[in-house]
Amino acid sequence: MAESYCGRFAPSPTGPLHFGSLVAAVGSWLDARRAGGRWLVRIEDIDVLRCVPGADGDILRTLEAYALDWDEEVVWQTRRHDLYRAALESLSSKVFPCSCARKPRYDGACRNGTNLPPRTIRLRVPDALIRFEDRRLGAFEENLEATCGDFILKRADGLYAYQLAVVVDDADQRITDVVRGADLLDSTARQIWLQRQLGVPTPRYLHLPVALGSGGEKLSKQTGAPPIPPHGDVATLRKALAFLGVQNIEGATCREILARALAK
Ligand code: GLU
């Protein structure tokens, strides 16, 4: 694993980092560094409607303050539209224009054509099980036809969908290991199917436990999760490590704590 490992942290700049996103950052950083691998940061600002101006810079400064050093230059999805366009074009008849409104499970109404103005572009999915092995949670299988149906790669507002951008980027950046929160588990089968259609490799997946708020809610900007201290707070970092099962790491600085966590 050592030579070939490349991991990433891929925050959406919808606000400052909260505890849940720090856990994902620390978890993927530790996994990469323990493997002697590289670790990249990618700003997932593809959904510009949800982005908050300046949040990208805040996130990068906070990562630096917590000594979560990355390799290579940070990439921004909004600067990579050409890649997404080329990938979508290469899918040719595997995708189709659709004039239906968004729904939880798509019924395939426009699969064989539509006379109405197209709104979105969808990827055909098979009525078959997609199987994958999560490094922490074990075996999963999903029939995409049953769970979501043909899914959207280009949205009605003209934006490329998260699923397309993330798959194209993971392939382009040669990511071998995706380590992220378990809230993204239900995207994984779709991403694997899309990888197969694009003819790109499937990375290994490890979905981390999701940190919950005191009321049991997922921490997110929508649920009002407070930002972590931006200056690199050792107590917050130790809490994130403890949440990941790395207990009792002492140290005066974030850098020292991470170095000791690596050695453990
Ligand atoms: N940008 C996504 C988020 O912030 C993460 C995507 C991923 O790790 O695959 O929730």
Side-chain angles (χ1 to χ4, degrees), residues 5-32 37-52 55-60 62-63 68 70 74-80 83-84 87 132 134-137 140 142 151-153 155 159-195 198 200-213 217-225 227-228 240 244:
Y5 188 114
C6 185
R8 52 45 159 206
F9 176 54
S12 303
T14 53
L17 286 187
H18 53 74
F19 185 72
S21 34
L22 180 68
V23 165
V26 172
S28 61
W29 184 92
L30 261 186
D31 197 58
R38 291 178 304 133
W39 187 69
L40 311 184
V41 174
R42 175 168 81 226
I43 300 291
E44 296 212 317
D45 57 350
I46 193 72
D47 186 350
V48 286
L49 304 174
R50 289 179 57 232
C51 293
V52 171
D56 51 353
D58 284 348
I59 290 172
L60 295 175
T62 305
L63 291 174
L68 293 162
W70 58 87
V74 173
V75 301
W76 275 258
Q77 287 183 326
T78 45
R79 301 177 192 170
R80 295 159 68 83
L83 280 177
Y84 311 138
F132 65 95
D134 180 273
R135 289 173 47 205
R136 185 175 74 93
L137 300 165
F140 279 85
E142 184 174 341
F151 58 92
I152 293 177
L153 297 185
R155 304 176 359 174
L159 295 175
Y160 294 107
Y162 156 71
Q163 305 294 0
L164 177 68
V166 79
V167 165
V168 169
D169 287 339
D170 283 340
D172 179 67
Q173 298 188 291
R174 296 191 164 74
I175 301 299
T176 61
D177 288 77
V178 171
V179 179
R180 60 184 178 190
D183 53 319
L184 287 156
L185 251 180
D186 66 355
S187 284
T188 305
R190 274 178 281 173
Q191 292 174 9
I192 290 172
W193 175 245
L194 178 51
Q195 287 153 5
L198 288 168
V200 300
T202 291
R204 288 176 288 254
Y205 287 94
L206 192 167
H207 288 88
L208 300 166
V210 175
L212 302 177
E217 76 284 4
K218 187 200 150 198
L219 292 178
S220 71
K221 205 176 140 252
Q222 288 80 359
T223 61
I228 55 168
L244 290 164

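All residue numbers refer to positions in the sequence shown, counting from 1. Both ligands and their constituent atoms are indexed starting at 1 by order of listing.
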> Would a distance-only check, ignoring hydrogens and angles, find a side-chain to backbone donor-acceptor pair under 3.5 Å from D58 to P16?
Replying inline: no
>> Between D134 (side chain only) and H207 (backbone N and O only), is there a donor and an acceptor less than 3.5 Å apart?
In response: yes
> Parallel, tilted or perpendicular: which fits the ring planes of F140 and F132, with parallel below 30° and perpendicular above 60°?
Replying inline: parallel
>> Tell me if a side-chain donor or acceptor on R190 pairs with a main-chain N or O of D186 at a distance below 3.5 Å.
In response: yes
>> For a salt bridge (Lys or Arg N to Asp or Glu O under 4.0 Å) check, start with the C-alpha distance between D169 and R8, then their side-chain angles and the critical distance, and finish with the verdict.
In response: CA-CA 10 Å; D169 287 339; R8 52 45 159 206; over 6 Å; no
> Which ligand 1 atoms are under 4.0 Å away from a heavy-atom of L184?
Replying inline: 5 (C), 6 (C), 7 (C), 8 (O)
>> Return the closest protein heavy atom for atom 6 (C) of ligand 1 as residue, atom name and distance.
In response: E44 OE1, 3.2 Å
> Can you list the atoms of ligand 1 that are under 4.0 Å from a heavy atom of V166?
Replying inline: 9 (O)
>> Only heavy atoms of Y162, strictly under 4.0 Å: list the atoms of ligand 1 that pass.
In response: 6 (C), 7 (C), 9 (O)
> Short question: side chain of D177, backbone of R204 - any donor-acceptor pair under 3.5 Å?
Replying inline: no
> Does some side-chain heavy atom of L22 sit less than 4.5 Å from a side-chain heavy atom of L68?
Replying inline: yes
> What's the shortest distance from atom 3 (C) of ligand 1 to any protein heavy atom, and which residue and atom give it?
Replying inline: S12 OG, 3.6 Å
> Of all the non-hydrogen atoms in the protein, which one sits nearest to atom 5 (C) of ligand 1, and at what distance?
Replying inline: A10 O, 3.4 Å
> R8 heavy atoms, cut-off 4.0 Å: which ligand 1 atoms fall inside?
Replying inline: 7 (C), 8 (O), 9 (O)
> Which bit of F9 is near ligand 1, meaning a heavy atom under 4.0 Å away: side chain, backbone, both or neither?
Replying inline: neither
>> Can you name the atoms of ligand 1, numbered from 1 with element, that are less than 4.0 Å from a heavy atom of R180?
In response: 7 (C), 8 (O), 9 (O)
